Amino acid sequence: MDSATFILFGATGDLAKRKLFPALFSLYSKRRLPDAFSVIALGRKGFTALDFQDYVARALHTYAKQTDEAPGTLSSFLACFRYYSLDVTDTAGYEGLLRLIQERERELDIPENRLFYLSVAPEFFHDIAYRIKESGLGDTKGWKRLVIEKPFGHDLQSAIELHEKMSGSFEEHEIYRIDHYLGKPMVQKLHSVIASHPQIDALWNRNRISNVQITASEIVGVEGRGDYYEGAGAIRDMFQNHMLQLLMMIAMRFPAGRSADETIARKCEVLQALRPISKAEAALHIVRGQYTAGTYENITFAPYRDEPRVQTDSMTDTFVAARLWIDNEQWSNIPFYIRTGKRMKEKLTAITVEFEPKQGECGDGGSSAAPDRLEIRINPDERVFLHYKDRVIEQKADAVARSDGALSDAYERLLLDALRGDATYFTHWEEVELSWKWVQPVLEAFAENRLPLHTYPAGTSGPAAANTLTGKQGHAWWLYEEMAPRKIEELI
């Protein structure tokens with residue numbers, strides 16, 4: 001791997017201490033980072049280099065694994081860090097930043113390979129990218145890459161405007177938009193689960209698949225982010241990005257190869273075939289909800305409208321469910337059901353593919369027998385179950401999701417890919433644009449209150465109205481607490 005400088009904007013923020021520092025330390029401990037590696041941490045606080053190294057050490061002791069087992073490794077990792085106080089809107093500050101980066105590059109004999117990571121609010125994306133270009137930070141003899149977190153835009157128009165501005169400073173191939181769901185090991189191995197096992201592969205065709213369900217439920221509420229969530233809701237926070245990414249990953253054609261371009265093209269094919277939902281028809285295919293007071297494991301939770309920094313008459317959605325159709329040869333007439341919400345009954349991200357019985361086959365239990373289905377659990381545990389006739393066959397997570405080694409954390413994988421220049425599991429602009437185009441009429445329908453805002457008690461599976469989406473097609477949401485395996489055999 002090329003030696004490089006990692007320039008981290010927002011280094012004193014929550015994401016950095018909880019996710020980025022632990023991921024970098026884990027990669028460093030596993031010798032997955034280049035031998036010559038410099039981290040320039042940026043923030044507005046007045047740290048010295050030693051102060052900031054101590055700050056990183058405290059964060060690692062809180063959030064990272066195994067820091068006590070390798071004190072020498074920790075010390076050498078911390079020595080990679082330098083801190084620079086920067087107001088990101090101050091052009092003059094970038095000149096001093098460039099001098100520090102160049103000083104470290106000479107000291108460590110690092111070629112001018114620079115990865116800029118923007119762990120900042122999206123309103124600063126363009127300003128920072130522009131000043132990187134104007135200051136000469138982006139004029140390198142090596143490569144430069146820009147990594148940004150979601151959200152990329154607030155709606156279709158704002159996303160387009162941001163893209164046009166960013167394109168003036170970085171080429172598309174230099175921009176790495178993170179969706180951490182794409183870094184999850186099981187998501188990256190979805191097609192391996194299907195293609196590598198005859199039992200599943202034989203069922204994977206349009207004549208045998210009945211429906212596909214994608215669920216991402218959370219026990220937590222908005223966790224003090226009421227001001228952010230009021231402007232986002234579940235539709236922007238989860239559906240437009242994470243949920244549609246899971247849809248693309250499970251529904252795309254098997255790539256002919258492993259290149260980023262091939263994967264991006266296959267994913268975009270799915271979004272291009274996704275049947276549009278007009279503003280007028282949104283209520284027929286979408287259910288939105290908001291949690292009220294409820295009890296979970298003997299703990300009583302306040303309603304969403306009582307959360308800090310939330311309007312008392314808020315119409316913000318904390319739950320979204322949808323019935324979608326992909327109009328292509330592979331998925332024609334097969335419904336996809338998607339649901340995501342906060343303050344739900346359990347923490348779970350999973351994909352369930354339900355199969356039709358063979359013609360003339362109804363199973364040992366007659367018409368009431370549960371249908372065959374493939375259950376792929378992504379979070380919090382990674383497990384794959386094939387419920388087939390009277391058996392439950394398990395594919396072990398170690399054999400599926402971690403077949404590439406010890407990188408089990410999404411940020412570890414994505415940071416390593418960005419340093420390598422592998423954009424396979426990042427979101428391309430075309431994906432972002434297509435997803436916003438599809439979501440835009442739904443956003444407008446929400447804004448105009450064309451859909452009722454259903455309520456659901458905290459600690460439940462969401463509003464009862466969501467059952468109408470599946471029920472109309474003769475299906476039902478799978479309740480994961482009822483799916484405990486009765487007889488498990490290992491899938492060989």
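If you're wondering where the values come from, they're calculated on a predicted model, not measured in any experiment.
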Decide, yes or no, whether a salt bridge links Asp237 with Lys150 under the criterion of side-chain N to carboxylate O below 4.0 Å.
yes
Once you round to the nearest 0.5 Å, how far does CG of Leu33 lie from SG of Cys80?
8.0 Å
Ring pair (Phe, Tyr, Trp, His ring centres under 6.0 Å) involving Phe301 - partner list, sequence neighbours excluded
none
Whether Trp438 and Phe239 hold their rings parallel, tilted or perpendicular, with breakpoints at 30° and 60°:
parallel
Just verifying a value: how many Å separate Ile148 CD1 and Arg177 CZ, rounded to the nearest 0.5 Å?
5.5 Å
Between the side chains of Gln245 and Thr427, does any donor sit under 3.5 Å from an acceptor?
no
Can you label the angle between the Phe81 ring and the Phe52 ring as parallel, tilted or perpendicular, going by 30° and 60°?
tilted
To the nearest 0.5 Å, how far apart are CD in Glu149 and CZ in Phe125?
7.5 Å
When you measure from the centre of the six-membered ring of Phe170, is the NZ or CZ of Lys144 closer than 6.0 Å and no more than 45° off the axis?
yes
Tell me whether Asp35 at atom CG has more than 12 heavy atoms from other residues, nucleotides or ligands lying less than 6.0 Å away.
no
Would the distance check show the side chain of Arg343 and the main-chain N or O of Ile219 forming a donor-acceptor pair, the cut-off being under 3.5 Å?
yes
Lys184 NZ/CZ over Tyr181 ring centroid, <6.0 Å and within 45° of normal:
yes
Against the six-membered ring of Tyr425, is Arg413 placed for a cation-pi contact (under 6.0 Å from the centre, within 45° of the normal)?
no
For the pair Glu394 and Arg383, find out whether any cationic side-chain nitrogen is under 4.0 Å from an anionic carboxylate oxygen.
yes
Arg373 bridged to Glu354 by N-O distance under 4.0 Å
no
